[in-house]
Amino acid sequence: MHPQLYRSLYRIRRVEEEIARIYPTDRIKSPVHLSIGQEAVSVGVCAALAPEDVVFGTYRGHAMYLAKGGDLKQMLAELYGKATGCARGKGGSMHLIDPAAGVLGTSAVVGTTIANAVGYAYALRYRKSSALVANFFGDGATEEGVFAESLNFAVLKRLPVLFICENNRYAIHTRQDRRQGLPDICGRARAFGLPAECIEDNDVLRLYERVQAVAPAVRAGAGPYFFEVMTYRWREHVGPGHDFHLGFRNEDEVQPWVEADQVRRLAEMIDADTRARIEEDVEAEIAAAVAFAEESPWPEPAELYTDVFQEGPECPVPLPH
Amino acid sequence: MHPQLYRSLYRIRRVEEEIARIYPTDRIKSPVHLSIGQEAVSVGVCAALAPEDVVFGTYRGHAMYLAKGGDLKQMLAELYGKATGCARGKGGSMHLIDPAAGVLGTSAVVGTTIANAVGYAYALRYRKSSALVANFFGDGATEEGVFAESLNFAVLKRLPVLFICENNRYAIHTRQDRRQGLPDICGRARAFGLPAECIEDNDVLRLYERVQAVAPAVRAGAGPYFFEVMTYRWREHVGPGHDFHLGFRNEDEVQPWVEADQVRRLAEMIDADTRARIEEDVEAEIAAAVAFAEESPWPEPAELYTDVFQEGPECPVPLPH
Amino acid sequence: MSGAASPLTARRPRFTVGERVLSYVEAVREAADQEMARDPSVIVFGLDVDDPKAIQGTTRGLAAKYGPERVFGTPLSEDAMTGAAIGMALAGLRPIHVHIRMDFLMLAMNQLVNVAAKSRYMYGGRVALPLVVRAMIGKSWGQGAQHSQGLYSFFMHVPGLKVVAPSTPYDAKGCLIAAVRDDNPVIYVEHRLLHFQKGPVPEAPYAVPPGRARVTAAGDDITLVGISFMQVECLRARHYLADVGIRAEVLDPIWLSPLDLDTILASVARTKRLLVVDNGWTCCGAGAEIIARVIERTQGEQEVRVRRMGFAPVTCPTTPALERLYYPDGRTIAAAARDLVEGRPTGWLPDERPDLRDIEFRGPF
Amino acid sequence: MSGAASPLTARRPRFTVGERVLSYVEAVREAADQEMARDPSVIVFGLDVDDPKAIQGTTRGLAAKYGPERVFGTPLSEDAMTGAAIGMALAGLRPIHVHIRMDFLMLAMNQLVNVAAKSRYMYGGRVALPLVVRAMIGKSWGQGAQHSQGLYSFFMHVPGLKVVAPSTPYDAKGCLIAAVRDDNPVIYVEHRLLHFQKGPVPEAPYAVPPGRARVTAAGDDITLVGISFMQVECLRARHYLADVGIRAEVLDPIWLSPLDLDTILASVARTKRLLVVDNGWTCCGAGAEIIARVIERTQGEQEVRVRRMGFAPVTCPTTPALERLYYPDGRTIAAAARDLVEGRPTGWLPDERPDLRDIEFRGPF
Ligand SMILES: Cc1ncc(C[n+]2csc(CCOP(=O)(O)OP(=O)(O)O)c2C)c(N)n1
Ligand SMILES: Cc1ncc(C[n+]2csc(CCOP(=O)(O)OP(=O)(O)O)c2C)c(N)n1
Ligand SMILES: [Mg+2]
Ligand SMILES: [Mg+2]
């Protein structure tokens, strides 16, 4: 398992670094919310999911999209605004999607996909599917009313949802304790009737084990399960750079997280050859994906007017008037 | 104290019964959500409040309005749609208001006044006032996202709010356990950091004592406090009649509540003369109020266009263009 | 109010004697029932859809027939339930989400405007969102500020949403079937008073698809476009106008988005006069849009006189004394129409005709 | 972009040399600062108003100067925080509630439409609601579907709300002061790109009160009404039109509700041609309302040719390749204006003039 986890972690880290490297050239004219430092959350969860499982996330969705198997070429092309992007250039970094991989949506309005995930889970349950929905959101999202409403409904209907709160302690530049009267997200989840546990220290292996352990019951109809994963954002909220100079957080706050970096941790847990092969593969894949994005064409002007509606065949039923 | 509580309880009960009696004549062309059976909640709380304290409630607001000292004549005139109503006939039963008595608002959209109450409390705290806000809402309102958002903010800013959840177990015809995955409202309040307690059995004396006991700390800046009061609606959700024939609840469900009727309970705790005097006064007051409503004029047609905006004097500042 | 006798029968499309007559409520119920029977992906939910009152009866019996997984009441959580409806649609279900008042959609605007309307486009066409949102406009008996709004223009404003406001039992059934079969989000606007309407409704399923307006009464002197319940008032107005020799043509847009402008243009080409009566406020309303489009299309070629009516530009008052003045009605519409036809303020206001009196609506709600 | 040199200087009201020049951001900040200094009941809150970025700088320094009780960031709870703002206003405070994107107001619609707009009326005039809601329209650099909407027509539709969309630093300050002193809820619409504008701003407090439009550039051939950032584009268009001998008059409504129709009518009486350019979608938009009102008032007396422009009737795409086509700009506005003036499709589209190029906006956001 470690090689798989390492591949996924390394791949996301390097894609994000590559985006940051390219960004100053202005070829990516899209806001980017990098997940550098937070890769372990998406990787730990998605590694324990089945291909038919579905994920919903946020504008900070690169890691989730890649960890769940979203197409890398299409993702980069999307950031470039090219016709070959996963959303044909119409969604950008904040609206990644890949239905084939079970990546069903990411939103730029905080909290919105929590309710969408719950509804999707209702449909799975209704269809007697054994698939589940994993829903990723930040600590700030838990302050939106939709979070409370969605948890209540998920418990009421015992829906197959894994709620994954990526607690990086900040909403943009504001600390959790300045936004939450009682900064205990698991406690709130439990008050709605959810089993909830907190994974400290961004631990990818522990998270992976725990998701594997609880998923079967969730699939079997035991109801939703809640994980709060403590993690940390190394870069600025949006953009390729750092934000320590802004003074809202102290640079040494990041140190323990860098020391516990899950990418390096997993690297050290696998043998050198495997590691070299993985990194070689990934670098080649990224280089190819960047080239693909660069060389892909822009959408045709006519594309502006497509995709507003899905228009099927004329209504089959006879019209008496 | 008992005579005061009895007067308030008896007065509300009789006003509601009088409305129910008049209703079939169609002179009250307004939806009425009667509080018969639930009077104890408003009475127990408001009896422990100071005149400068403020209350916010719901469309089921007759009891709160009267218990806090809202003008009875104006209330009935409002239900009749007369120009002398507390909202000049523009608000009806669901939008009772009496700023002079600290009744600051009632809404027909479930949950909305919870946030308004919290904001009002912020203003009180900002002004260093020792007043507090008591906010009444139903068990269904706790399912709206605004409930969670408002509790969090009230705790974060340690605002002087008493949250009073009138749990009559139903939202229209739907039981709490069919709407809430974990029907523990106090538990949810605690998860947001509020001290919360449940008053069983609609006990007006216990509620009164407890509010008296906690109010000083709330005024002093200790932060909000949460009460869930178990109570029961004797009549139909809206309208003057009963709804047991609809079959969604069983008639004997009401029996224990009728036996524990707080109006009768208090009646039996005061001496016969006092009781007779109180009832005489109240009946006379109600008769006068009904007559006032009946005889009051309709609003003039021109009234349709007033009160959209508050237009003060032209802007005092010189206009350079 | 059955067929031939009523002055409102003009609203019936091709009425053949002996045809089955249903109420608007029964028509909505039947449409949902037939679509659920046809397609197991159709589900109905929303506050109180499974309670004894069954949303005025429009969901009566569905829970018993299709079970609690396909028909269920919800917590008081409009925002999340709308988001859930979107998630269900993404998964291929065809949810019908019901709201007893349109005013409550204000709690669902984020999901409707920012997610439902945009998902297909912002995901490059890789998803479809077959979703129907039923919402009712309330009126009279002290509904007041928060239970009376007709906010459909909000949804007309946003690309990616379809909007329909049927005014007859016939269209209520056909439009709901069309909405359920549409692969996009459709806001289906009902009116509490229209629920009492009766009219011919074929038993077999049929669709009244997007983009088709209907001429509900022919005439050559002026075109009256009545939206939702105002369609009824326009048909009343037509009779008052007939009494003074003015022949009004009445149109029902039925679908507000997409809007069938051609039918309106064809009528206006004959009448040269257009009065749009909104079942809401006029500012930035459907009437403003219809008039702007008609003028943009006709200017330079024909002179058309236009006018809008709608709710008074105030909050809805509860007292009957003022509520009466808040809404346009058959008589005030007739008066405005005559002024437009004669090109001057005539000061005429017809006396109420007993046979054109409004439906008696008695509370409590 | 400082005064005299720029072709956009027509937008300055009475510019006297040596007058102080501020950016839009500084003007907004100064207005809030001066009102807070004048009146302790004025408070500012909203997500991130007290963070290092200080809402593009519009709230910079206020927290330090007035303290955390008067200037504070909030939880991510737009619905409750809007309700709280209403409660504060009921208690006599004058809150300024700030939103970094207008799109997020969709979470606050229930409190804005069902409570703020209605409280005074439904309580019979017994309360007042002095509340300002600042909301920003985003544009470019992949803002996309959910960070680019100009939804002000929603608020124009609802009685009880005032709406203002200043386009210059001068009006940004004057309108915010007027909004804060207004005893009613005011939706104050900003535009991310307008934040970069510079212009003369008197230091002493002044109000640009509701209901006054401004002629920002004189002309006799056609009237261009540009809303929010489209005011800038209309002034660009005016220069392109001048190159082909067409003298356009440009108006800025400034306040959208109440709307100053008279100024528009006076201009149209001369030009006989009206092009309204919306900073949003046109369907049921401000342009539809303005055109409907102008026609209702001018029909029979003068012939006026009208046209609307606005966002393409689709969701905002992120790719620059399509976003470019999504928005009207100086050149497309000029082309449409010329067609309207000449009464035929001329097929003319001016080449971009370097001095009229758009502001360079560089992300990440
Ligand atoms: C409803 C809404 N309000 C505000 C914003 C602006 N905003 C964008 S990201 C963000 C912070 C979200 O914090 P969190 O949920 O912890 O996610 P993180 O960015 O830390 O991953 C905010 C406030 C938004 N996009 N949507
Ligand atoms: C936001 C909203 N959704 C739905 C309704 C319809 N409705 C009116 S009262 C009610 C039940 C409220 O139940 P609860 O909060 O327990 O108050 P109660 O009526 O029992 O006093 C509902 C669903 C509404 N008025 N507002
Ligand atoms: Mg965070
Ligand atoms: Mg209840």
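Chain identifiers are assigned alphabetically (A, B, ...) following the order of the sequence lines, protein sequences preceding nucleic acid strands; residue numbering begins at 1 within each chain. Only this structure's heavy atoms are used, side chains among them; waters, hydrogens and symmetry mates stay out.
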**Q** Is Ala108(D) close to chain C through its backbone or its side chain, or both, or neither, when contacts mean heavy atoms under 4.5 Å?
**A** neither
**Q** First locate atom CD1 of Ile290(C), then atom SG of Cys284(D), and finally report the distance between them rounded to the nearest 0.5 Å.
**A** 8.0 Å
**Q** Which one, Ile291(D), Val158(D), Leu112(D), leads in non-hydrogen pairs under 4.5 Å with chain C?
**A** Val158(D)
**Q** Closer than 4.0 angstrom, basic N to acidic O: yes or no for Glu296(C) and Arg308(D)?
**A** yes
**Q** Please give me the minimum heavy-atom distance between Cys316(D) and Tyr121(C), naming the atom from each residue.
**A** C-CE2, 4.4 Å
**Q** Could you have a look at Ala117(D), Ala145(D), Pro159(D) and say which one has the most heavy-atom pairs with chain C under 4.5 angstrom?
**A** Pro159(D)
**Q** Please classify the contact between Glu303(D) and chain C as side chain, backbone, both or neither, with a heavy-atom cut-off of under 4.5 Å.
**A** side chain
**Q** If you count heavy-atom pairs within less than 4.5 Å of chain D, which of Gly300(C), Gly124(C), Ala312(C), Gly160(C) leads?
**A** Gly300(C)
**Q** What is the distance from atom SG of Cys283(D) to atom NE2 of His157(C), rounded to the nearest 0.5 Å?
**A** 8.0 Å
**Q** Measuring heavy-atom distances to chain C, does Val304(D) have an atom under 4.5 Å in its side chain, in its backbone, in both, or in neither?
**A** backbone
**Q** Among Gln299(C), Arg307(C), Arg120(C), Arg293(C), which residue forms the greatest number of heavy-atom pairs with chain D at distances under 4.5 Å?
**A** Gln299(C)
**Q** Can you name the closest pair of heavy atoms from Gln149(C) and Asn114(D) and give their distance?
**A** NE2-OD1, 2.7 Å
**Q** In the structure I gave you, are the side-chain heavy atoms of Met106(C) and Gln111(D) within less than 4.5 Å of one another anywhere?
**A** no
**Q** Which is it for Glu78(D) and Asn110(C) under the side chain to side chain donor-acceptor pair (under 3.5 Å) test, yes or no, and what are the steps along the way?
**A** CA-CA 11 Å; Glu78(D) 286 82 358; Asn110(C) 180 52; over 6 Å; no
**Q** Indicate the atoms forming the closest heavy-atom contact of Glu289(D) with Thr282(C), along with that distance.
**A** OE1-O, 3.4 Å
**Q** Say you draw a straight line from OG1 of Thr315(D) to OH of Tyr123(C); how long is it, rounded to the nearest 0.5 Å?
**A** 12.0 Å
**Q** With rounding to the nearest 0.5 angstrom, report the CD1 to CD1 distance, Ile295(D) to Ile295(C).
**A** 5.0 Å
**Q** Taking Met156(C), Arg305(C), Met122(C) one by one, which has the highest count of heavy-atom pairs under 4.5 Å against chain D?
**A** Arg305(C)
**Q** With the side chain counted from C-beta on, respond yes when Val113(C) and Met109(D) share a heavy-atom pair under 4.5 Å apart, and no when they do not.
**A** no
**Q** Heavy-atom cut-off 4.5 Å, strictly under: side chain, backbone, both or neither for Leu107(D) against chain C?
**A** both
